[in-house]
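Values below: every heavy atom of this structure, side chains too, minus hydrogens, waters and symmetry copies. Numbered from 1 within each chain, the chains take letters A, B, ... in sequence-line order.
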Number of protein chains: 2
Amino acid sequence: MPRAATTSDTFNAIAEPQRREILELLKDGERPVLDLAKELGIPQPSASKHLRVLREVQLVRVREVGKQRLYGLDARGLRPIHEWVGGFAEFWNESFDRLNNYVQELKSEAQKENADDN
Amino acid sequence: MPRAATTSDTFNAIAEPQRREILELLKDGERPVLDLAKELGIPQPSASKHLRVLREVQLVRVREVGKQRLYGLDARGLRPIHEWVGGFAEFWNESFDRLNNYVQELKSEAQKENADDN
DNA sequence: CCATCATATTCCCATATGGGCATGCGTCAA
DNA sequence: TTGACGCATGCCCATATGGGAATATGATGG
């Protein structure tokens with residue numbers, strides 16, 4: 001089985017660089033598809049596809065205005081992710097120390113070995 | 001081109017459910033591969049593969065102890081992600097209001113239309 | 001050196017994905 | 001109604017991926 005379907009999985013939805021860019025662009029407000037496509041330098045169909053994925057995980061919503069479809073940000077789906085990642089906050093501070101300790105151990109061992117060599 | 005290589009991309013690394021589980025298990029401390037595999041209910045090769053990906057993005061580090069390889073958490077790589085997602089915090093609070101306004105607009109329009117019908 | 005244990009790799013398969021291109025579809029203006 | 005515009009879809013291709021099974025690799029104990 002390949003990677004979990006991007007659909008209905010917010011983690012996968014934001015695993016795509018271009019989709020992350022889209023989300024960032026939408027911070028400034030709603031935008032039509034062609035607008036986003038041009039900004040990203042990708043063909044319209046590609047933009048539409050990415051937007052579809054974002055739509056499926058509900059990170060964006062659409063509003064039809066005439067011929068255009070204005071895409072807007074709905075960041076609520078990002079909150080769970082922020083919380084999940086945040087659950088590691090205590091570790092990314094501490095982990096430096098851990099790694100540091102580990103490096104210290106290696107150094108000690110190395111010195112010991114050098115001593116043995118003499 | 002398929003999705004960006006999972007290698008060297010932390011976002012993709014944590015897009016895999018099992019890899020996220022591994023990271024969570026490692027919160028409790030270092031663990032050998034078979035241990036993780038059993039805990040996740042997956043074969044050892046699968047665990048090794050996932051661990052490799054996590055290693056490549058440096059979310060875990062290995063320490064060789066005899067025949068075993070103890071995998072440990074190195075959450076520092078998660079910090080950038082936390083910050084990126086956090087950049088949307090102001091929106092997931094606000095977005096509810098936006099959506100709400102949008103719904104209000106729809107209601108208004110609907111009422112207007114009903115009024116027109118009469 | 002040999003057998004065994006703990007892991008890592010490799011191979012093959014099924015599938016999901018992103019890109020490019022053509023096309024279908026709904027909306028608006030003439 | 002027709003034509004143009006803005007998007008969404010469908011199709012095909014190349015590729016990366018996860019799973020399963022078999023095997024290679026490394027370290028340990030005898």
Side-chain angles (χ1 to χ4, degrees), chain A residues 1-23 25-26 30-72 109 113, chain B residues 1-23 25-26 30-72 109 113:
Chain A
M1 214 183 298
R3 197 174 299 177
T6 163
T7 298
S8 79
D9 183 332
T10 309
F11 276 97
N12 271 303
I14 65 170
E16 234 287 336
Q18 313 219 22
R19 285 198 285 265
R20 287 201 294 278
E21 286 188 54
I22 290 180
L23 294 178
L25 289 175
L26 294 182
E30 299 177 316
R31 291 211 194 182
V33 180
L34 268 183
D35 222 66
L36 293 170
K38 288 176 184 170
E39 197 92 40
L40 295 179
I42 62 179
Q44 171 266 313
S46 294
S48 285
K49 289 174 186 172
H50 285 309
L51 287 167
R52 175 175 190 170
V53 175
L54 293 173
R55 227 188 309 150
E56 289 173 330
V57 298
Q58 305 189 54
L59 282 179
V60 300
R61 61 194 134 75
V62 206
R63 193 160 64 97
E64 309 195 359
V65 177
K67 296 188 262 189
Q68 298 186 125
R69 299 207 179 178
L70 297 183
Y71 277 87
E109 289 177 25
E113 285 175 20
Chain B
M1 214 184 298
R3 196 173 298 175
T6 160
T7 298
S8 77
D9 183 332
T10 310
F11 276 99
N12 271 302
I14 65 170
E16 233 289 337
Q18 314 220 33
R19 285 198 284 265
R20 288 201 295 276
E21 286 187 54
I22 290 179
L23 294 178
L25 289 175
L26 294 182
E30 299 178 317
R31 291 210 195 182
V33 179
L34 267 182
D35 222 65
L36 293 170
K38 288 177 184 171
E39 198 92 40
L40 295 179
I42 63 179
Q44 171 265 313
S46 293
S48 284
K49 289 174 186 171
H50 284 310
L51 287 167
R52 175 175 189 168
V53 175
L54 292 173
R55 226 188 310 150
E56 289 174 329
V57 299
Q58 304 190 55
L59 282 179
V60 300
R61 63 195 131 75
V62 207
R63 191 160 65 97
E64 309 194 0
V65 177
K67 295 188 262 191
Q68 297 186 124
R69 298 208 180 178
L70 297 183
Y71 276 86
E109 288 178 24
E113 285 175 19

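Remark: the B:K67 side chain and the D:dG29 base include no donor-acceptor N/O pair separated by less than 3.5 Å.
A:Q68 comes within 4.0 angstrom of sugar-phosphate atoms only, judged by non-hydrogen atoms across all strands, and of no base. When heavy atoms are screened at a 4.0 angstrom cut-off, B:P32 is found touching the sugar-phosphate backbone but no base atom.
Under 4.0 angstrom from either OP1 or OP2 of D:dT9 there lies at least one side-chain N or O belonging to A:R52. Within the structure, every side-chain polar atom (N or O) of A:H50 is placed at least 4.0 Å from both OP1 and OP2 of C:dT17. Between C:dC21 and A:Q44, no contact under 4.0 Å exists linking OP1 or OP2 to a side-chain N or O. A close approach under 4.0 Å does not occur between any side-chain nitrogen or oxygen of A:Y71 and OP1 or OP2 of D:dG6.
When distances are taken from the side chain of A:R55 to each of C:dT7, D:dG20, D:dT9, the shortest belongs to D:dT9.
The NZ atom of B:K49 sits 11 Å away from the P atom of D:dA21 (whole-angstrom rounding). In this structure, CZ of A:R69 is placed 18 Å from P of D:dC5, rounded to the nearest angstrom. Look at CZ on B:R19: it is 9 Å from C1' on D:dG18, rounded to the nearest Å. Rounded to whole Å, atom P of D:dC7 lies 5 Å from atom CG of A:L34. Between the CG atom of A:L40 and the C1' atom of C:dG20 there is a distance of 17 Å, given to the nearest Å.
Panel note: side chain A:R19, backbone A:A13; a donor-acceptor pair is recorded below 3.5 Å.
Rounding to the nearest 0.5 angstrom, the gap separating the CD atom in A:Q18 from the CG atom in A:L51 is 11.0 Å.
The side-chain heavy atoms of B:I14 and B:L59, taken from C-beta on, include a pair separated by under 4.5 Å. Side-chain contact check for A:L23 versus A:V60: some heavy-atom pair is nearer than 4.5 Å.
Where A:P43 and B:V33 meet DNA chain C, the nucleotide closest to each residue was compared, and B:V33 sits on the side nearer the 5' end.
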